[in-house]
Amino acid sequence: MRKKIVAGNWKMNLNLNEGKTLVQNILSGLSGLTDNKQVVIAPPFVHIAQTAAQLQGTSNIFTAAQNCSSEASGAYTGEVSTDMLLSAGAQYVIIGHSERREYFKEDDAILAKKTAQALSTGLKVIFCCGEPLEVRDGGTQNEYVGNQIKAGIYGFNADQLQNLVIAYEPIWAIGTGRTASSQQAQDMHAHIRSVIANQYGNVVAEQMTILYGGSCKPSNAPELFACPDVDGGLIGGAALKAEDFLGIIAAMTAI
Ligand code: 13P
């Protein structure tokens, strides 16, 4: 059975005190996690050690970074290496978020390099994909997202992919309040799974966890997570409020 995950991406929000309180409130309301139903919290870099310390001794809830350097170490002012993240207590890193692709001009080549660097260090990767509105309106979203997946992960072998999760986040649904319909999410997730199956076969494709992200809330999470190919969510705004995040986690633990 493949893993279900709800991951919270705080983006560039919350200072250290606010982050500490949010994690405390999440932990005090959390129940129902198992090895197959996990929670990931992705705060900004400066929170990682604090968040990881708060999660120490808990089960099936992990700390993630939102980005990492593609280089192992050296003269790269302002960068954070995968080894630093691991040593600070992170187990996951988000790579290829649309905000990194758009605002920081991260292209397929750099994202594949970051993914290789993270996997080789022992971090698990949440690899993001998703199309802009004009692509969706033009009807070529399957090809667009398929190409992101091929460029991002086809360079890895099936064993490496066991440490990788995909997050489909249609850009037009991020922070807009306009969620993809459950049918749109299911169709794209099934397509992504078929792109993986083409290269690695059905067994690997069936084991791949594919998360949905984009205006996911407690009210729409049950319907989205009920789709057979949607294995949880990557949550932005609603991950900043313990009550909302716990509501979304409850939708995952209920399936
Ligand atoms: P929202 O949930 O705020 O739409 O953000 C989704 C996202 O980008 C998570 O990475």
Side-chain angles (χ1 to χ4, degrees), residues 4-14 18-19 22-23 26 38-45 47-48 51 61-68 85 90-104 106 111 114-115 118 123-133 135-136 141 144-145 148-149 152 164-182 184-185 188-189 192 209-225 227 230-252:
K4 311 276 180 192
I5 297 174
V6 167
N9 174 10
W10 294 2
K11 307 192 180 184
M12 197 176 71
N13 293 295
L14 307 183
E18 292 163 342
L22 176 57
V23 172
I26 291 168
Q38 303 187 343
V39 168
V40 174
I41 296 178
F45 285 138
H47 291 250
I48 299 258
T51 301
I61 172 162
F62 303 104
T63 308
Q66 300 171 15
N67 180 30
C68 64
L85 294 172
Q91 291 104 340
Y92 279 88
V93 57
I94 298 171
I95 292 178
H97 192 283
S98 59
E99 290 150 17
R100 301 292 321 169
R101 292 177 189 261
E102 184 179 350
Y103 305 139
F104 302 96
E106 294 189 3
L111 297 175
K114 287 184 178 206
T115 302
L123 287 172
K124 295 184 198 301
V125 170
I126 299 175
F127 187 86
C128 301
C129 59
E131 80 286 358
L133 185 58
V135 169
R136 170 65 60 167
Q141 66 272 10
Y144 186 94
V145 171
Q148 288 180 320
I149 296 293
L164 185 140
V165 169
I166 290 171
Y168 168 60
E169 299 201 312
I171 297 171
W172 45 270
I174 295 177
T176 58
R178 181 182 164 188
T179 321
S181 69
S182 50
Q184 286 171 321
M188 181 57 83
H189 284 225
I192 292 169
T209 295
I210 307 177
L211 310 179
Y212 168 79
S215 299
C216 188
K217 315 182 269 271
S219 56
N220 58 29
E223 191 184 331
L224 285 160
F225 296 174
C227 298
V230 177
D231 305 313
L234 180 55
I235 318 302
L240 297 172
K241 292 195 200 113
E243 194 185 338
D244 288 351
F245 194 52
L246 288 165
I248 296 170
I249 293 166
M252 167 186 67

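Whatever order the structure lists them in is the order used to number ligands and atoms, beginning at 1. Just the heavy atoms: all of them, side chains too, but no hydrogens, waters or symmetry mates, feed the values below.
Ring geometry for His189 against Tyr168 counts as perpendicular: the plane angle is over 60°, on a 0 to 90° scale with 30° as the lower cut. Between Tyr92 and Phe62, the angle of the ring planes lies from 30° to 60°, which puts this pair in the tilted group.
Two residues are said to be in side-chain contact when any heavy atoms from C-beta on lie closer than 4.5 Å; His97 and Ile174 meet this criterion. For the pair Arg136/Tyr144, no side-chain contact is recorded, criterion being any heavy-atom separation below 4.5 Å from C-beta on. Within the 4.5 Å cutoff, the side chain of Arg101 has heavy atoms near those of the Leu111 side chain.
Note that CD of Glu131 and OG of Ser98 are 10.5 Å apart. Values are rounded to the nearest 0.5 Å.
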For ligand 1, run through the N/O pairs with the protein that fall under 3.5 Å and put one pair on each line.
from	atom 1	to	atom 2	distance (Å)
ligand 1	2 (O)	Gly236	N	2.9
ligand 1	3 (O)	Gly237	N	2.8
ligand 1	4 (O)	Gly175	N	2.6
ligand 1	4 (O)	Ser215	N	2.7
ligand 1	5 (O)	Lys11	NZ	3.4
ligand 1	8 (O)	Lys11	NZ	2.8
ligand 1	8 (O)	His97	NE2	2.8
ligand 1	8 (O)	Glu169	OE1	3.4
ligand 1	10 (O)	Asn9	ND2	3.0
ligand 1	10 (O)	His97	NE2	2.9
ligand 1	10 (O)	Glu169	OE1	3.2
ligand 1	10 (O)	Glu169	OE2	2.9

